[in-house]
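We count residues from 1, following the sequence as given.
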Amino acid sequence: MIALFGLVIFLFAFASGRNEVRTISEPNVKFVGENNLFITSKAVSKLLIQNYGGVKNVAKEALALNDLENALKSNPMIKTAEVYVSINGMLNAEIEQKTPIARVSTNASYYIDADGLFMPLSENYSARVPLVTGYVDKNNLNSVYLIAQKIDHDEFLKKHVFEIHQEEQNQLFLKLRKCDFLVQVGDVSALDKKINNLKAFYKKALKDNTLKNYSKVNLQFDNQVICTKI
């Protein structure tokens, strides 16, 4: 029993020693969630290497995994990141990318993500989302974000809206596919009611074949849609 106990202690100490000096392999990058790669696994690996001076052949115990995770999360393309080392010394990084819901095209070009935050454009993939034009302040995206979020979660709007235009004082307009008229939303108050009014108007005008007769559709007034004819 004493010999067996001694053997167990020896094997444990040997395994611990081997584990401490085990070196890390090249990073294994896995993307979760969104399949469209705005940032590549090569770029993620480069970030890891840049923030640890060369991950390959670094001793396993020397890695500061929290620091690596924070370095990845600081990238404006990445929403969340989890970094861990498997028992065989494989460095793994699980990445969830941000999801763009609108693309700003003013004097600067960038995405607004699903959390209402700035997201840069990608050289690898271009998202098909509504364009945002007009007066847009990167530090004040709330109104544009709210309407973009509604579009992203509504099948009718997602199908028909291709542009969000914001004027000064955060007054919003929408442009619809296959329609010449401008939809005047105004501010984001009572947004659900305004959208329901737009859907009711569109359905009726489509049935009557009169969509082409209007130049502007105003949703700002309570319980009614004011249309300007061509």
Side-chain angles (χ1 to χ4, degrees), residues 33-34 36-40 43-44 47 70-81 95-177 179-199 201-202 214-222 225-226 228:
E34 179 66 54
N36 301 319
L37 298 183
F38 296 97
I39 184 170
T40 64
V44 174
L47 278 172
N70 290 333
L72 292 179
K73 291 175 185 176
S74 68
N75 185 281
M77 293 281 189
I78 295 175
K79 182 178 181 180
T80 62
I95 305 296
E96 182 181 0
Q97 301 172 101
K98 291 183 177 180
T99 302
I101 59 172
R103 176 174 177 166
V104 175
S105 181
T106 54
N107 57 335
S109 294
Y110 54 92
Y111 291 119
I112 301 172
D113 77 356
D115 295 314
L117 302 175
F118 165 83
M119 176 182 175
L121 302 184
S122 169
E123 295 180 355
N124 305 300
Y125 183 81
S126 181
R128 189 179 180 186
V129 291
L131 200 64
V132 181
T133 60
Y135 293 86
V136 183
D137 181 355
K138 188 187 294 186
N139 299 312
N140 183 20
L141 296 172
N142 187 59
S143 293
V144 171
Y145 166 62
L146 287 176
I147 190 72
Q149 188 182 47
K150 288 292 183 184
I151 294 168
D152 188 58
H153 289 101
D154 187 285
E155 287 302 317
F156 171 84
L157 297 178
K158 202 167 187 177
K159 178 180 179 181
H160 293 288
V161 176
F162 72 90
E163 184 177 332
I164 303 166
H165 181 80
Q166 181 172 258
E167 293 191 348
E168 293 181 279
Q169 308 304 319
N170 296 333
Q171 294 297 298
L172 296 167
F173 297 81
L174 302 178
K175 292 184 179 180
L176 308 185
R177 292 183 177 89
C179 294
D180 295 328
F181 57 79
L182 195 63
V183 179
Q184 186 171 358
V185 178
D187 59 31
V188 292
S189 63
L191 198 52
D192 288 335
K193 182 180 288 187
K194 291 175 181 178
I195 289 171
N196 288 335
N197 287 344
L198 174 62
K199 290 178 181 178
F201 160 77
Y202 188 95
Y214 305 106
S215 61
K216 182 183 286 186
V217 173
N218 193 335
L219 307 176
Q220 293 185 97
F221 302 97
D222 193 32
V225 178
I226 306 298
T228 303

N/O donor to acceptor pairs below 3.5 angstrom from side-chain atoms of residues 138-147, sequence neighbours left out:
residue, atom, partner, partner atom, Å
Y145, OH, A114, O, 2.9
Y145, OH, Q149, NE2, 2.9

Distance-only donor-acceptor hits, side chain of residues 101-108, under 3.5 Å, sequence neighbours excluded:
residue, atom, partner, partner atom, Å
R103, NH1, S126, OG, 3.4
T106, OG1, A108, O, 3.4

Please tabulate, for side-chain N and O atoms in residues 156-173, each donor-acceptor pair with protein atoms closer than 3.5 Å (sequence neighbours left out).
residue, atom, partner, partner atom, Å
E163, OE2, T133, OG1, 2.8
H165, ND1, T133, OG1, 2.8
Q166, NE2, Y135, O, 2.7

Residue pair I39, V44: steps toward the side chain to side chain contact (heavy atoms under 4.5 Å, CB included) verdict: CA-CA 7 Å; I39 184 170; V44 174; 4.2 Å; yes
Y202 and V225: CA distance, side-chain angles, deciding distance, side chain to side chain contact (heavy atoms under 4.5 Å, CB included) verdict: CA-CA 10 Å; Y202 188 95; V225 178; over 6 Å; no
Residues Q97, K79; criterion side chain to side chain contact (heavy atoms under 4.5 Å, CB included); working and verdict: CA-CA 5 Å; Q97 301 172 101; K79 182 178 181 180; over 6 Å; no
Evaluation steps, side chain to side chain contact (heavy atoms under 4.5 Å, CB included), between L219 and K193: CA-CA 9 Å; L219 307 176; K193 182 180 288 187; over 6 Å; no
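Once rounded to the nearest 0.5 Å, the distance linking OG1 of T40 with CD of E123 reads 10.0 Å. Interatomic distance, I95 CD1 to I78 CD1, rounded to the nearest 0.5 Å: 4.5 Å.
Of all non-hydrogen atoms in S122 and Y111, the two that sit nearest each other are N-CE1, 4.4 Å. Across V129 and P100, no two heavy atoms sit closer than the pair CG1-O, 3.5 Å.
Here S74 pairs with nothing under the side-chain hydrogen bond (donor to acceptor under 3.5 Å, both in side chains) rule; sequence neighbours left out. Residues that satisfy the side-chain hydrogen bond (donor to acceptor under 3.5 Å, both in side chains) test with N196, not counting sequence neighbours, are absent from this structure.
Judged by distance alone, the side chain of K98 and the main-chain N or O of P76 form a donor-acceptor pair under 3.5 Å. Judged by distance alone, with hydrogens and angles left aside, the side-chain atoms of D115 form no donor-acceptor pair with the main-chain N or O of L117 at under 3.5 Å. For K194 (side chain) and Q184 (main-chain N/O), no donor-acceptor pair under 3.5 Å exists by modelled atom type.
Residues K150 and D192 meet the side-chain proximity criterion, which asks for heavy atoms closer than 4.5 Å.
Within the structure, ring-ring contact (aromatic ring centres under 6.0 Å, His included) contacts touching residues 180-199 (residues at least two apart or in different chains) are F181-F201.
Within a 6.0 Å radius of CG in N124, other residues, nucleotides and ligands contribute more than 12 heavy atoms. Atom CZ of R128 has 12 or fewer heavy atoms from other residues, nucleotides or ligands within 6.0 Å.
Between D154 and K199, at least one side-chain N (NZ, or NE/NH1/NH2) sits under 4.0 Å from a carboxylate O, which counts as a salt bridge.
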